[in-house]
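The structure appears right after this line, and notes come after that.
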Amino acid sequence: MAAAMEKAIPSLLSEGTLPIPGHVPPGLVFDFDFFAGPEFTYQPHQSLTTELRQRPDIFYTPRNGGHWVIGRMEDAGELVQDPATFSSNPAVSGGAVTVSLFKRIPIDQDPPEHAEYRKLLNSMLSPAAVRLLETKVEAFARDLVASVAAKGECEFMSEIAKRYSTGIFIELLGIPLELRETFVEWVDLAVRTADPAVSRQAYAKIASLMDETLEMRRAQPGDDLLSKLLTKTIGGCPLDQEELRGIGIVLFVGGLDTVVSLLAFIIQFLAEHPDHVRQLRAAPEDLPNALEELIRRNGINNLYRHIQRDTCFKGVNMKAGERVLLLYSVYGIDDRNVADPLTVDFSRPVSRHMTFGAGPHRCLGSHLARLELRMFLQEWLAAIPEFQLRPGPKLTHHGGKVMQLVSLPLIWPVATRVSQ
Ligand code: HEM
């Protein structure tokens, strides 16, 4: 296998990838493009795990500017606990391939400053704060499901997933109606392009929209997260415009696209597994545990860390200024941590996963995300108990930092619709 890949390296180089650094052993070099690789197009979880199991646990790809890839959950768990070596700040690796126009707070920060900002956000996204949103989210889910139930079909991504997540989030953040569509368009571009120039341009646009929104909230405060942020302090001082913008953007980009993706993966799975739907309908009280199993099975994020100092990690020499890719999308289906990992089994004890990340940067929005997913499933399964994929071409996916279905056409028999 390694020999075959070594042969592939010259052709990769001719495709414009950077030369492979001298300290990288040829046996650790593999062709892996997490934005556009074929393994991300169809059934990415299956394809990725099959491919990763044939490779060393840690390997190097010359794609996307060249970076290391961490294939196993245990190694990732260790790596994220060492921010002094593996930083979250893209500037450490020159910011050449990532966005360095502004600091995305707290996601681009390292200790000790990271902890202060995280604490501030934690109170706004705590389980108690999220519980207050339950009625609103439930009503929103019910209305949205009702908008398609009688039709017997929908394109789930555009008609439901994007509208659901955007609707909740935009209200939560206090983003004015007139900016909604533009915001969503630019977020799509920011997270899905492999081209750093396009990504930078998209983030710049989001930043200026965020500035506009903050201005409006300053003039007319509401009950939303951005209005609350405007009242917060760090070390006794109010947040400055750059900090407010950085936090606002992380909340928006981090909270919107992720829920869209995970919800769609879950609905796709259920559309293909009517027995699992029947189990959920028979025991709705088991939904939280079942949901956790679906979250484990359907990770979505692939994110970088930036190497601050030369290191030897698990026997692999890495140099300052390089990057490592964490495949949070597949750590929940690592066969060293869970048996028969691709199978969704609602009766198995909740298994450890990293769909929400791990370590100091573990997702701050996981309580809100779980609430959104749970409320949606509750309403969808009550109104549309028998749904399936519309027969047609195989479903395709975008790769990148947030893996996502391109489209998800569903059908269901309207006559047998059950309302509860
Ligand atoms: C299904 C939905 C979601 C998934 C799969 C997800 C996943 C993640 C992951 C993997 C990280 C870790 C990033 C890293 O290690 O660098 C993260 C961080 C973060 N997430 Fe989420 N997320 C989701 C929903 C949300 C929502 C709804 C919000 C906001 C309300 C949110 C806000 C954040 C924030 C602020 C961070 C940064 C935490 C820090 O840097 O300390 N996420 N998320």
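Indexing begins at 1, ligand by ligand and atom by atom, following the structure's order.
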Within a distance under 4.0 Å of any heavy atom of [X], pick out the atoms of ligand 1 and give their elements.
| X | result |
| --- | --- |
| I300 | 5 (C) |
| V250 | 35 (C) |
| T355 | 5 (C), 7 (C), 10 (C) |
| L262 | 1 (C) |

- 4.0 Å heavy-atom contact, H114 with ligand 1: yes
- Item | Exam field: side chain R297 to backbone L342, donor-acceptor pair closer than 3.5 Å |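 Yes, the answer is positive, given that a donor and an acceptor are paired below the 3.5 Å cut-off.
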- E155 backbone acceptor or donor facing E159 side chain under 3.5 Å: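 Answer holds: yes.
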- Describe, in one word, how the ring planes of H306 and Y304 are oriented to each other, choosing from parallel (under 30°), tilted (30 to 60°) and perpendicular (over 60°).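 Answer is tilted, since the angle falls between 30° and 60°.
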- Query: For the residue pair H353 and F356, does the interplanar ring angle fall in the parallel (under 30°), tilted (30 to 60°) or perpendicular (over 60°) class?
  - Reply: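 Geometry flag for F356 against H353: tilted rings.
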- When only distance counts, is R118 in polar contact with ligand 1, meaning an N/O pair under 3.5 Å? yes
- Task: Answer yes or no: does an N/O atom from N301 fall short of 3.5 Å to an N/O atom of ligand 1?
- Result: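 N/O-N/O distance below 3.5 Å does not exist for this pair.
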- Message: Checking L125 now: which residues fulfil side-chain contact (heavy atoms from CB on, under 4.5 Å) with it, not counting sequence neighbours?
- Response: L225, L251, L364
- Under the side-chain contact (heavy atoms from CB on, under 4.5 Å) test, which residues partner S208, sequence neighbours left out? none
- Before accepting this row, confirm whether a basic side-chain N of the pair E242/R245 lies closer than 4.0 Å to the acidic partner's carboxylate O.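 Salt bridge flag = no for R245 with E242.
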- heavy-atom search around atom 12 (C) of ligand 1 in the protein gives H361 O, 3.3 Å
- Check atom 21 (Fe) of ligand 1 and write out every protein N, O or S atom at under 2.8 Å, as residue and atom.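 N, O, S partners closer than 2.8 Å: C363 SG.
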- Counting heavy atoms only, which of R362, M354, R305, R104 is nearest atom 15 (O) of ligand 1?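 It is R305 whose heavy atom sits nearest to atom 15 (O) of ligand 1.
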- Message: At under 4.0 Å between heavy atoms, is it the side chain or the backbone of P360 that contacts ligand 1, or both, or neither?
- Response: backbone
- What part of L125 sits under 4.0 Å from ligand 1 if we count only heavy atoms: the side chain, the backbone, both or neither?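 Near ligand 1, L125 shows its side chain, while the N, CA, C and O stay back.
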- The complete set of side-chain hydrogen bond (donor to acceptor under 3.5 Å, both in side chains) pairs with one or both residues in residues 35-51, sequence neighbours excluded, reads E51-R55
